[in-house]
Number of protein chains: 2
Amino acid sequence: MTVMKDKIVSLADKLIRIKGFNAFSYKDIADPLAVKNAAVHYHFPSKADLGIAVVKEEMDRFQHNVQRWQELPEDEQLAHLFDVFRRHCYAGNVCLMGSLAPDYETLTPPMQDKINDMAEAIVEWVTAVLENGRNNKRFHFKGSAGDRALLVISNLQSSLLLARVMGPETFDRISRQLLEDLRS
Amino acid sequence: MTVMKDKIVSLADKLIRIKGFNAFSYKDIADPLAVKNAAVHYHFPSKADLGIAVVKEEMDRFQHNVQRWQELPEDEQLAHLFDVFRRHCYAGNVCLMGSLAPDYETLTPPMQDKINDMAEAIVEWVTAVLENGRNNKRFHFKGSAGDRALLVISNLQSSLLLARVMGPETFDRISRQLLEDLRS
DNA sequence: TTGCTTACTTACTGGTAAGTAAGTATTTTG
DNA sequence: CAAAATACTTACTTACCAGTAAGTAAGCAA
């Protein structure tokens, strides 16, 4: 990825999180980077191409983090994930999934597929962490690890949404409770 | 509210839940109702006016439901709320808050205020139900009722979002777990 | 040095968005 | 029955959007 291409994807990521996919335009990207909208189209012919690149970058970041954390105890791994979301919260961002899911029906099938992949990857990882953590007695919960993982992800996601409306402390109140539930 | 006005609000509600606020247009409303876009502007001069009316109608519906349920035991009251969301889920809708929160920064201040009011009303009601339910031994949970209410709402909200991406059974898996956690 | 590629710009298109001004038919009211 | 309000339509504006065609400057490659 060239420098410009990377700048475009980063800015698009930010715009999706702040305004939503359908609410930002190529101009919103071109102007701050001091290029013309055609330059953005040169790198990403359609808006869907750009959207897919943003999701791909997010997945790469996630995979990279997961790898860095893999030697840690499961509760710390999960805490790191919470921290990623926490930082987004205090930066005024919502998570990619939280922003793209409401617009899901307006997106092209390739982009929908990419979002599915991302959801699957996160669910898979959280499920494994919870499962292993329960085996190691670091987590305690009823039901299947998969169901519990959905609950955790669901909370991370929408606590960012609620935080936007009700203030960032909302995120802390929800996530504190969620982690405590898993400990006892 | 006249018949046409009501039809417009209902359709706008549906469009917000399916496509998002920034992705639907006055044409999307005018065409199915067989009127011109100017007719929609006659009833709701700006899109923000329409958005506010949609939120207001949702709040009225909520207040009406709450009143109908008020004599029921707290666990049944909560179950009814879950059922409202469940029906939305299987209709392919996300909840209003879940759809509007990602777009929050692009909305006019009066609309943001209205969304705040809605969030507050729901949190207040769920908090009271959980608090009373715990006193009546119908619910068992640690921490404050307010924090637990945020957790419940957060889950209802984003399980609808996740369900859109991962299928409607996702909603059932999350909500079943959430209700079981409150019972024991 | 000629030719090809990269990374753009310039200038435009067709389409759609929200919103408005002026007119009209129908109903309501004094 | 006349005036006024209601509920629109017609016809339009301004603005912006995603996307494209054609051109260009700079670098590298044979």
Side-chain angles (χ1 to χ4, degrees), chain A residues 1-55 57 99-100 102-112 114, chain B residues 1-55 57 99-100 102-112 114:
Chain A
M1 267 238 248
T2 66
V3 176
M4 177 60 73
K5 221 171 162 176
D6 213 45
K7 280 184 187 170
I8 292 171
V9 172
S10 289
L11 189 47
D13 179 282
K14 188 151 206 177
L15 286 164
I16 290 174
R17 289 179 203 267
I18 291 175
K19 305 179 68 174
F21 187 75
N22 289 316
F24 84 88
S25 74
Y26 272 46
K27 191 170 149 58
D28 293 329
I29 289 178
D31 285 358
L33 299 180
V35 293
K36 302 297 162 181
N37 76 24
V40 184
H41 278 286
Y42 169 74
H43 291 291
F44 302 97
S46 80
K47 206 177 175 184
D49 295 324
L50 179 49
I52 287 170
V54 168
V55 175
E57 198 198 42
S99 175
L100 293 174
D103 299 336
Y104 193 75
E105 301 296 328
T106 70
L107 307 175
T108 62
M111 212 180 146
Q112 292 181 342
K114 202 77 206 163
Chain B
M1 264 233 254
T2 64
V3 176
M4 178 60 73
K5 220 170 163 176
D6 214 46
K7 280 184 186 170
I8 293 171
V9 172
S10 289
L11 190 47
D13 180 281
K14 186 149 206 177
L15 285 164
I16 290 174
R17 289 180 203 264
I18 291 175
K19 305 179 68 172
F21 187 76
N22 288 317
F24 84 88
S25 73
Y26 271 46
K27 191 171 149 55
D28 293 329
I29 289 177
D31 285 358
L33 298 180
V35 294
K36 303 296 161 180
N37 77 21
V40 184
H41 278 285
Y42 168 75
H43 290 290
F44 302 98
S46 81
K47 206 177 173 184
D49 295 323
L50 178 51
I52 287 170
V54 168
V55 176
E57 198 199 41
S99 175
L100 294 173
D103 298 337
Y104 192 76
E105 301 297 327
T106 70
L107 306 175
T108 61
M111 213 180 145
Q112 291 182 343
K114 201 76 206 162

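Keep in mind that the numbers below use all heavy atoms, side chains included, and drop hydrogens, waters and symmetry copies. Nothing here was measured: the structure is a model prediction, and the numbers come from that model. Just so it is clear: chains get the letters A, B, ... in the order the sequence lines come, proteins before strands, and each one is counted from 1.
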From CG of B/L15 across to C1' of C/dA17 the rounded distance in Å is 15 Å
N/O donor to acceptor pairs below 3.5 angstrom from side-chain atoms of residues 103-110 of chain A, sequence neighbours left out:
residue : atom : partner : partner atom : Å
A/Y104  : OH   : A/N116  : OD1          : 2.9
A/Y104  : OH   : A/N116  : ND2          : 3.4
A/T106  : OG1  : A/N22   : ND2          : 3.0
A/T106  : OG1  : A/D103  : O            : 2.7

By nearest-heavy-atom nucleotide on DNA chain D, the more 5' of A/K47 and B/H43 is B/H43
What I'd like to find out is whether the side chain of A/P32 reaches to under 4.5 Å of the side chain of A/K7, using heavy atoms alone.
no
side-chain hydrogen bond (donor to acceptor under 3.5 Å, both in side chains) partners of B/K36, counting only residues at least two apart
none
Separation between CG (B/L15) and OH (B/Y26), nearest 0.5 Å, reads 12.0 Å
Could you check whether A/Y42 gets within reach of a base, just the sugar-phosphate, or nothing at all, counting any heavy atom under 4.0 Å?
base
Mapping A/A38 and A/S25 to their closest nucleotides on DNA chain D, which lands nearer the 5' end?
A/S25
With rounding to the nearest 0.5 angstrom, report the CG to CG distance, A/D6 to A/L11.
11.5 Å
Main chain of A/F44, side chain of A/K5: is a donor-acceptor contact present, judged purely on distance under 3.5 Å?
no
Along DNA chain D, 5' to 3', what are the outermost nucleotides having an atom less than 4.0 Å from a heavy atom of chain B?
D/dT6 to D/dT10
